[in-house]
Amino acid sequence: MAMAMAMGAPREQLRVDARAPGKVILSGEHAVVHGTSAVAAALGLYTTATIRPGVDDGCVLDLPQLGVNLKWPLKVIEEIVTQGHLLDPKPAHVASYAESEWPQLGAFVEQQLGLHAVKGADAAVTAFLFLYTSILGLQPVTVRVTSELPVGAGLGSSAAYCVALSAGLLAYCGEIDLPQENGADRKTWIDVNEKKIDLVNRWAFEGERIIHGRPSGIDNTVSSFGYVVKFKQGQITRLHTQLPLRMLLTNTQVGRNTKALVAGVGERALRHPAAMGAIFKAIDEIAEEVVTILLTPSENSGGEKKKGEEIVSTEECGPHPVFKTEQEVRLQELVEMNQGLLQGIGVSHLSIESICQITASYRLQSKLTGAGGGGCVLTLLPHKLSSTSVELVKVDLEAKGFSCFEAVIGGNGVQVSCQTLS
Ligand SMILES: Nc1ncnc2c1ncn2[C@@H]1O[C@H](COP(=O)(O)OP(=O)(O)O)[C@@H](O)[C@H]1O
Ligand SMILES: C[C@@](O)(CCOP(=O)(O)O)CC(=O)O
Ligand SMILES: [Mg+2]
């Protein structure tokens, strides 16, 4: 029925919205690009793509966070795309992006953006043109993408951008069911149908390849499926954890580029294959142990607390003691070890180390999340830690110029909404 309603409304009267969450990586970033396991959780901050009917045979792309607002007559795009890409869109069959097949695209995007473009704007526009022409073909559309996520900060903004765009374009061409409109002003968001999430995820991965160069796929996967996932060589395991995952996210405010950081780790791995392989293996073991802890039932059948749940550690942290369960003590140690290994492969930063030292003085362990080199740091918070103690840590971090917030994690994945335009 939902699809019928959506299909019933001609496209020139349909506005489609798709939103996708950012993410935190609990363990395994960078090593996962080299085939090991990683664990990631959806973050309660979203990127939203809005697809509206186009006007006078044109395509408009509005990316306010990158200062991009471009409009092209469709025939201009046709000249660029026809050179290297069938103009017969097959939304259900994911095409793989190859720069060699689009010889004109790079120069076209560079010329369109000019010399003063914001860093990363070229990748965003290129990813859009690939996804738009591959999924929709040359249909007049007006597309706007906005986000609650900081861009380039390790919270998976590139993946959320690609997932939201892919879902919005697939919904606009009828490949994804849309919700019944409720007539009220409030949007009705629905999860993308299970059978279609994989299609969204595979298109988004192609977009991530344009932005990241060599993505593992974990970012677009957790942004598509939501909740908590284990990812290894394309294998997705959705983790149903009962462990209360509380964390503080601190932004170093240091900009960096994931593509360059991932390439740098690859080059170091070529220079030191055995040593880097050993580090990747250690990170793999850490990620596997994190999975085991997350999957430990929190209570046995009688409702009593399981072994891992009793308080086994009490340390001073400002005015209140920090109570930690055995699972929390083990997770903290794994976070500390993972951060040390990430430092070893060259992706930490002075600002990240400074945050780790500040939180360690409160008996809390932290690690960079995402590509590192700046960006964001996650700090595990014992579930019994008082809000007063959390506030103390935040005040200390903010006094050093960092910005931090207690993250909402483990929520839903990609969702869609629609509105029939009068
Ligand atoms: N809201 C957005 N609008 C346009 N492009 C975006 C947006 N969010 C992310 N991007 C794209 O993703 C890039 C950042 O991705 P990346 O370097 O992987 O950092 P991260 O994924 O950690 O935020 C940006 O330079 C841009 O190309
Ligand atoms: C470094 C890496 O493991 C995660 C990158 O995360 P982000 O783009 O910095 O949010 C790369 C990848 O897995 O594709
Ligand atoms: Mg990214």
Side-chain angles (χ1 to χ4, degrees), residues 19-40 43 45-50 61-70 109 113 117-129 131 143-165 204-205 207-223 229 231-234 249 251-252 254-266 280 283 287 338 342 345-347 349 352 367-378:
R19 72 177 184 179
K23 60 88 183 105
V24 291
I25 295 184
L26 299 174
S27 175
E29 53 269 276
H30 283 292
V32 65
V33 176
H34 299 269
T36 63
S37 303
V39 182
L43 179 62
L45 295 174
Y46 294 87
T47 293
T48 302
T50 301
L61 176 62
D62 183 15
L63 306 175
Q65 276 157 286
L66 296 187
V68 168
N69 190 300
L70 294 170
V109 170
L113 288 171
V118 167
K119 196 171 67 162
D122 54 340
V125 175
T126 304
F128 165 75
L129 283 171
L131 291 171
V143 177
R144 176 177 166 89
V145 180
T146 56
S147 186
E148 298 166 330
L149 291 159
V151 173
L155 299 183
S157 75
S158 62
Y161 172 77
C162 294
V163 171
L165 262 183
F205 178 68
E208 275 277 78
R209 288 182 58 237
I210 294 171
I211 297 173
H212 270 206
R214 184 185 171 192
S216 65
I218 187 167
D219 285 9
N220 47 278
T221 294
V222 71
S223 183
V229 297
F231 185 94
K232 179 168 190 171
Q233 296 175 12
L249 281 182
N251 192 337
T252 64
V254 172
R256 82 297 180 268
N257 174 282
T258 295
K259 187 171 186 177
L261 286 154
V262 169
V265 171
F280 292 152
I283 292 176
N338 198 159
L342 287 164
I345 64 173
V347 294
H349 184 274
I352 296 171
K367 69 176 278 288
L368 66 90
T369 177
C376 286
V377 176
L378 70 82

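We count ligands from 1, going down the list as the structure has it; atoms in each ligand are counted the same way. Hydrogens, waters and symmetry mates are skipped; everything else that's a heavy atom, side chains included, is used. Starting from 1, each residue takes its place in the sequence as its number.
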For [X], atoms of ligand 1 separated by under 4.0 Å from a heavy atom:
X: Ala153; value: 22 (O), 23 (O)
X: Ser147; value: 1 (N)
X: Gly156; value: 21 (O), 22 (O)
X: Ser157; value: 8 (N), 9 (C), 14 (C), 20 (P), 21 (O), 23 (O)
X: Thr258; value: 16 (P), 17 (O), 18 (O), 19 (O), 22 (O)
X: Leu155; value: 22 (O)
X: His212; value: 18 (O)

Open item on the list: Using only atom types and a distance under 3.5 Å, with no angle test, would you say the side chain of Lys367 pairs donor to acceptor with the backbone of Ile25?
Closed with: yes

Open item on the list: Quick check against the 3.5 Å criterion: does Ser223 have a side-chain atom that pairs as donor or acceptor with the backbone of Gly22?
Closed with: no

Open item on the list: If you apply the rule side-chain hydrogen bond (donor to acceptor under 3.5 Å, both in side chains), what do you find for Thr252 with His349, and how did you get there?
Closed with: CA-CA 9 Å; Thr252 64; His349 184 274; 5.9 Å; no

Open item on the list: Under a 3.5 Å cutoff, is there a donor and acceptor pairing between the side chains of Thr146 and Gln65?
Closed with: no

Would a 4.5 Å heavy-atom cut-off, applied to side chains only, mark [X] and [Y] as touching?
X: Val68; Y: Asp62; answer: no
X: Gln233; Y: His34; answer: no
X: Ser147; Y: Thr48; answer: no
X: Glu29; Y: Leu368; answer: yes
X: Leu155; Y: Thr369; answer: yes

Using a 4.0 Å cut-off to any heavy atom of [X], which atoms of ligand 2 qualify?
X: Gly370; result: 6 (O), 9 (O)
X: Val33; result: 11 (C), 12 (C), 13 (O)
X: Glu29; result: 3 (O)
X: Leu155; result: 10 (O)
X: Pro215; result: 14 (O)
X: Val32; result: 3 (O), 13 (O)
X: Ile218; result: 13 (O)
X: Gly154; result: 9 (O), 10 (O)

Give me the nearest non-hydrogen protein atom to [atom] as residue plus atom name, then the distance to 0.1 Å.
atom: atom 2 (C) of ligand 1; value: Tyr161 CD1, 4.0 Å
atom: atom 6 (O) of ligand 2; value: Asp219 OD2, 3.0 Å
atom: atom 1 (N) of ligand 1; value: Gln65 OE1, 3.4 Å
atom: atom 2 (C) of ligand 2; value: His30 N, 4.0 Å
atom: atom 5 (N) of ligand 1; value: Leu66 CD1, 3.3 Å
atom: atom 13 (O) of ligand 2; value: Ser216 OG, 2.6 Å
atom: atom 22 (O) of ligand 1; value: Gly154 N, 2.8 Å
atom: atom 19 (O) of ligand 1; value: Gly152 CA, 3.3 Å
atom: atom 24 (C) of ligand 1; value: Val151 CG1, 3.7 Å
atom: atom 13 (C) of ligand 1; value: Ile211 CG2, 3.9 Å

Task: Under 3.5 Å: N/O of Gly120 near N/O of ligand 1 - done: yes

TODO: Report yes if some N/O of Val145 lies less than 3.5 Å from some N/O of ligand 1; otherwise report no.
DONE: no

Shortest non-hydrogen contact from [X] to [Y]?
X: Asn251; Y: Ala153; answer: ND2-CB, 4.0 Å
X: Ile210; Y: Ala123; answer: CG2-O, 3.9 Å
X: Ala40; Y: Ile218; answer: CB-CD1, 3.7 Å

- [ ] Please verify whether a non-hydrogen atom of Arg256 lies at under 4.0 Å from ligand 1.
- [x] yes

Between [atom1] on residue [X] and [atom2] on residue [Y], distance to nearest 0.5 Å:
X: Ser158; Y: Leu149; atom1: OG; atom2: CG; answer: 10.0 Å
X: Leu61; Y: Leu165; atom1: CG; atom2: CG; answer: 7.5 Å
X: Leu131; Y: Cys162; atom1: CG; atom2: SG; answer: 6.0 Å
X: Asn338; Y: His30; atom1: CG; atom2: NE2; answer: 10.5 Å
X: Phe231; Y: Thr221; atom1: CZ; atom2: OG1; answer: 4.5 Å

Can you find an N or O of [X] that's nearer than 3.5 Å to an N or O of ligand 2?
X: Lys23; value: yes
X: Ala371; value: yes
X: Gly156; value: yes
X: Arg214; value: no
X: His212; value: yes

TODO: May I have the angle between Ser158 OG and His212 NE2 with its vertex at the Mg ion (ligand 3), rounded to 10°?
DONE: 90°

- [ ] Look at Thr258 and state whether any of its N, O or S atoms is less than 2.8 Å from the Mg ion (ligand 3).
- [x] no

Task: Ser158, Ser223, Gly373: member with heavy atom nearest to atom 21 (O) of ligand 1 - done: Ser158

Open item on the list: I'd like to know if Arg256 contacts ligand 2, where contact means a heavy-atom distance under 4.0 Å to any ligand atom.
Closed with: yes

